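Source: prediction; values computed, not measured. Scope of the values below: all heavy atoms of this structure, side chains included, with no hydrogens, waters or symmetry mates.
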Amino acid sequence: MGWSIWRRRSKAKQREDFLKGVVGFSMVGPGLLVLNITKSIELGAVAAVIGLALVLVIMIFVNKAKAERLKKSGIADIDRMDGLQFEKYLAYLFQAEGYKTQVTKASGDYGADLLLHKDGKKIVVQAKRYSKNVGIKAIQEAQASIAHYGASEAWVVTNRDYTDAAYELAKSNRVRLTNREALIEMVLAMNPGAVPEPKAVIAATPKDDMTCPRCGNKMILRTSAKGSFYGCSGFPKCRYIRKNQIG
């Protein structure tokens, strides 16, 4: 985790480029090779068809393996979590890695959702269960929380990815980032039974009705001529609203 996110991001790109190369060669390589050897257009065409069939087999295998990997990670259930459930789930993950964890208060958290303790170090963590990429605000808040909590490091963990600006700011401020791919790898690396299933965490943790499901910001009680409602604190960038069931 942590700085390894930069390497993982690079390895993921390398695997993608390698797969594209294999697929590309399988589509045109056999046909060109046979045509060059036999000088026969017919045999070259047959080889090209066989190459195309090989591409389809490869893609089916790759897509099946990817689907199984995602299902095993429980990332679809993680995507259904609200902010508080995501924080609780991350706490279980870090506990399994030997950290003592503490979920901060829902309000007035001063830029940190989790506090981690290990080997005499205190680490502040911003947990961002988002439906879009995380921007620089999370990086700024995580960095600012270091001084308030007397921590030595700041991390940001999300179920999505980060904007290019966020990556750059995190690199210059030494804020560690964990994106969707790294989170999936982290979950899959756990021993079976070491961490509760995401579904179990959702069932055991009441919904945090004060968190915007669209962007992860806090919901604020507002009033209008039609009555009261909860509006996202990220307004006007996020215009999500929820009817107040009480008043």
Which atom pairs, donor and acceptor, lie under 3.5 Å between side-chain atoms of residues 191-199 and protein residues at least two apart or in another chain?
none

How long is the span from the CD1 atom in Ile78 to the CZ atom in Phe86, to the nearest 0.5 Å? 6.5 Å

Which heavy atom of Lys118 sits nearest a heavy atom of Glu97, and at what distance?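 So the minimum-distance heavy-atom pair works out to NZ-O, 2.8 Å.
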
Can a side-chain donor-acceptor contact be found between Asp161 and Tyr130 if the only test is distance below 3.5 angstrom? no

With sequence neighbours excluded, residues passing side chain to side chain contact (heavy atoms under 4.5 Å, CB included) with Lys72: Leu188

Residues in side chain to side chain contact (heavy atoms under 4.5 Å, CB included) contact with Asp79, at least two apart in sequence or another chain: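 Per chain and number, Asp79 pairs via side chain to side chain contact (heavy atoms under 4.5 Å, CB included) with Ile75, Asn159, Arg160, Arg180.
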
Sub-3.5 Å donor-acceptor pair from the side chain of Thr158 to the main-chain atoms of Asn179, do we have one?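 Not a single qualifying donor-acceptor pair exists.
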
Do any N or O atoms from the side chain of Tyr162 and from the backbone of Ala170 form a donor-acceptor pair under 3.5 angstrom? no

Considering residues, nucleotides and ligands other than Tyr240, do more than 12 of their heavy atoms fall under 6.0 Å from its OH?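 Buried by this count: over 12 neighbours within 6.0 Å.
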
Decide if atom NZ of Lys122 counts as having more than 12 heavy atoms of other residues, nucleotides or ligands within a radius under 6.0 Å.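 Counting neighbours around NZ of Lys122, more than 12 heavy atoms of other residues, nucleotides or ligands fall under 6.0 Å, so yes.
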
For Lys71, enumerate each residue passing the salt bridge (Lys or Arg N to Asp or Glu O under 4.0 Å) test, keeping only those at least two apart in sequence or located in another chain.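 Once residues adjacent in sequence are excluded, Lys71 has no partner under the salt bridge (Lys or Arg N to Asp or Glu O under 4.0 Å) criterion.
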
Those residues at least two apart in sequence (or on a different chain) that pass salt bridge (Lys or Arg N to Asp or Glu O under 4.0 Å) with Arg214 are none

Examine Ile241 and Phe235 and state if one hydrophobic cluster contains both, with Ile, Leu, Val, Met, Phe, Trp and Tyr joined whenever side-chain heavy atoms are less than 4.5 Å apart.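 No; tracing contacts between hydrophobic side chains, which count when under 4.5 Å, never links both residues.
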
Report the residues that fulfil side-chain hydrogen bond (donor to acceptor under 3.5 Å, both in side chains) with Gln102, sequence neighbours left out, ordered by chain and then residue number.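 Counting only residues at least two positions away or on another chain, Gln102 forms no side-chain hydrogen bond (donor to acceptor under 3.5 Å, both in side chains).
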
